[in-house]
Amino acid sequence: MEKKVRVRFAPSPTGGLHLGGVRTVLYNYLFARQNNGDFIVRIEDTDQSRFVAGAEEYILDTLAWCGLEPDESIKHGGGFGPYRQSERKETYKKYADALVQKGYAYYAFDTPEELDAMRSRLRTDENASPQYDHSVRMQMRNSLTLDKQETERLLSTIPYVVRIKMPEGETVSFTDMIRGEVIFDTAVVDDKVLLKADGMPTYHLAVVVDDYLMQITHAFRGEEWLPSAPVHILLWKYLFGLEAMPQWAHLPLILGPNGKLSKRDGAKYGFPVFAMNWKDPRTDEVTEGFKERGFLPEAFINMLAMLGWNDGTEQELFSLEELVQKFSIEKVHKGGAKFDFEKAKWFNHEWIKKLPASNYKEAVKSIFESRGLSIQDDTYFAKVLELVKDRCTLLPDFWEHSFFFFRQPREYNTDAIKIKWNIDKKTFFESFTKAMASINSWSAASLEALFQQLATQAEIKAGELQLPLRIMLVGGKFGPPVFHIAEVLGKEETIDRIEDALLAFESM
RNA sequence: GCCGCGUUCGUCUAAGGGUUAGGACACCACCCUUUCACGGUGGUGAUACGGGUUCGAAUCCCGUACGCGGUACCA
């Protein structure tokens, strides 16, 4: 029987979640869903010095906003916990010791100063960054070079690390789901630290042990991990056997305008790189998120999915459900993709148009409230949003395209109509309001028909009256088609606004 | 430096030996519209370079260039 598919996203809680991180989550999630598998979030907090308060909650909140809820996590529970590596500390040591027993690893006692000394001693033009590897390990202070007694003594008196003993002349290869076969020469990879002096594992040990214990079947991660893959492969071979190893897929990186996408790019070019606002608790510095910029989760997810993947057709708009159906890891690109904010905005615009306004009504409402406008009538609000959504790219755009539905104009931009304004037009509007008052069906179409008819009677071109009407209703040259504005405004409000404007126009 | 991964319009990409190298974003023009958008039509624009293999190469092989990643008791 096939093993149940289980995948994991394993962030370290060091700050906000950026585009690349969310995309990794997304691909994991899609793969899990389409294979009826489990999606696990495991917190990799093995570096205490980099731990940032609030980052865990932030990550989980972000996934919730995106609609990518894990099946198992520190928040969702599950049968394979704990889901925080700091709480699993004891298990790693066991495996590290076992590795030493079997001769695949060794204890090392070198101090940071000794390591520095070794590196600067060996540094040359040909070897820009000397590694702790087979060529130097026999000159260092470790259980390979020290006798048993001395090793025992040091083990109980000073801090030590466990290092993997990389074989010298082997090739390690594996089949990456995206890249195909990847081959490494073990001679060029160093004796990575597996267990740190504080007793915590490094990523290398922890990822292998936990993927095994949590029965992970497929491991997707960023391309930056590819160079350390041989360490992980070897660890699997030594500890659990290659048959049990998950299938790997190394995802291409998401790039900024010049090179790797960074927080700085966001600040420099004015686009978000984090999913949601992130406030660094140490500096109080806030980094803007896509959510707060006015992105819909549907658009954000869709845009991310297309950054490095497509289904081979020309379709670009996908719902999460469609992505679950159509996604395939083999079709993910090998090359990194440069992030384009313009295209991201296009996705958002498409999704604003596509979704019923009720989907994002609440988000827009809070934007309006932050501008001092509280929404009383939800039905009216939804109607307004529906009318103007075609012209909004980001959620805050709703403000400039619809605020006038909630506030009668206080000033009128009359520049465009001033010269042509006359008594005949004034009379026309007076009769128009009178006629409107007794109209039965209040709709854009019927209003336009009435407007046309009266204009013809008054022998004025309807076109010349439309702009004045617009300015009376909203105060300026903006907004949706004018009769649609009137329709949504309603009879009473429309007549009021025209009458007030007529008064104001007296002094024009 | 060494190791690894990559390279099709400015950007995201399709084309897995035979296409006028297709689409989308952006840009430009026109149309629609007596506000501004949306929308519609059309246009500019790419196989990094050099060698092979082949009747035929964006596609397969080799080399070069360029880019990215890694080279920590960070993940």
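Given the structure is predicted, the values throughout are model-derived calculations rather than measurements. Proteins get letters first, then strands, A, B, ... in listed order; numbering begins at 1 in each. Because only heavy atoms are used, hydrogens play no part in the values below, and waters and symmetry mates are left out as well, while side chains stay in.
Nucleic acid contact class of A:S129 (heavy atoms, under 4.0 Å, all strands): base. Using a 4.0 Å heavy-atom distance criterion, A:P480 is classed as a base contact. Counting any heavy atom pair closer than 4.0 Å across all strands shown, A:H333 reaches sugar-phosphate atoms only and no base atom. Using a 4.0 Å heavy-atom criterion, one finds that A:G335 contacts the sugar-phosphate atoms exclusively. Residue A:P11 is classed as having no contact, given no heavy-atom separation below 4.0 Å to the nucleic acid.
Between B:rG70, B:rU34, B:rG4, one nucleotide has an atom nearer to the side chain of A:E224 than all others, and that is B:rG70. Distance from the side chain of A:N310 is smallest to B:rU13 among B:rU35, B:rC5, B:rU13. Side-chain proximity of A:K461 to B:rA75, B:rU34, B:rC68: nearest is B:rU34. Of the listed nucleotides (B:rG69, B:rC74, B:rU34), B:rG69 has the atom at the smallest distance from the side chain of A:K260. Picking from B:rG69, B:rC74, B:rU11 the nucleotide with the shortest atom distance to the side chain of A:L253 gives B:rG69. Among B:rG69, B:rG39, B:rU34, the nucleotide with an atom closest to any side-chain atom of A:E350 is B:rG39. Residue A:L226 has its side chain nearest to B:rC5 when only B:rG22, B:rU35, B:rC5 are considered. For A:V188, the side-chain atoms get nearest to B:rC3 when compared with the rest of B:rC3, B:rG1, B:rG39. When the nucleotides B:rA15, B:rA75, B:rU35 are ranked by their closest atom to the side chain of A:K196, B:rA75 comes out on top. Among the nucleotides B:rG69, B:rC73, B:rA75, the one closest to the side chain of A:P227 is B:rG69.
Counting atom types as modelled, A:R391 pairs no side-chain N or O with a base atom of B:rC38 as donor and acceptor under 3.5 Å. Under 3.5 Å, the side chain of A:K343 and the base of B:rA24 form at least one donor-acceptor pair of N or O atoms.
The interatomic distance linking A:H232 (NE2) with B:rG70 (C1') rounds to 11 Å, in whole Å. Regarding A:Q315, its CD atom lies at a distance of 17 Å from the P atom of B:rU13, rounded to whole Å. Remark: P of B:rU11 and CE of A:M303 are 18 Å apart, rounded to the nearest angstrom. One interatomic measurement links the two molecules: CG of A:D133 to P of B:rA72, which rounds to 11 Å at whole-angstrom precision.
Shown here, B:rC68 is classed anti by the O4'-C1'-N9-C4 or O4'-C1'-N1-C2 angle, which is more than 90° from 0.
One finds no salt bridge joining A:E350 and A:K345 here, because no Lys/Arg side-chain nitrogen approaches an Asp/Glu carboxylate oxygen to under 4.0 Å. With respect to the salt-bridge test (charged N to carboxylate O, under 4.0 angstrom), the residues A:K196 and A:D198 do not qualify.
The partner of B:rU53 cannot be assigned: no Watson-Crick or G-U wobble pair with both contacts below 3.5 Å exists in any strand. Pairing for B:rG1 is with B:rU71, a Watson-Crick or G-U wobble pair whose two hydrogen-bonding atom distances lie under 3.5 Å. Across every strand in view, B:rA14 sits unpaired, with no contact that passes the Watson-Crick or G-U test at under 3.5 angstrom. Across all strands shown, B:rA46 remains unpaired; no Watson-Crick or G-U wobble contact has both distances below 3.5 Å. Summarising the base pairing, B:rG6 is matched to B:rC66 through a Watson-Crick or G-U wobble pair whose two defining distances lie under 3.5 Å. Both distances falling under 3.5 Å, in either a Watson-Crick or a G-U wobble arrangement, place B:rC30 opposite B:rG40.
Under 3.5 Å, the side chains of A:D210 and A:Y92 contain a donor-acceptor pair of N or O atoms. Under the 3.5 Å distance criterion, with hydrogens and angles disregarded, no donor-acceptor pair is assigned to the side chains of A:R179 and A:H250. A:Y160 and A:N142 share no donor-acceptor pair across their side chains, judged by distance under 3.5 Å alone.
Within the 4.0 Å cut-off from OP1 or OP2 of B:rG39, at least one side-chain nitrogen or oxygen of A:K353 is found.
Ring centroid separation for the pair A:F428 and A:F451 comes in under the 6.0 Å cut-off. Taking the six-membered ring wherever Trp is involved, the centroid distance between the rings of A:Y95 and A:Y212 does not fall below 6.0 Å.
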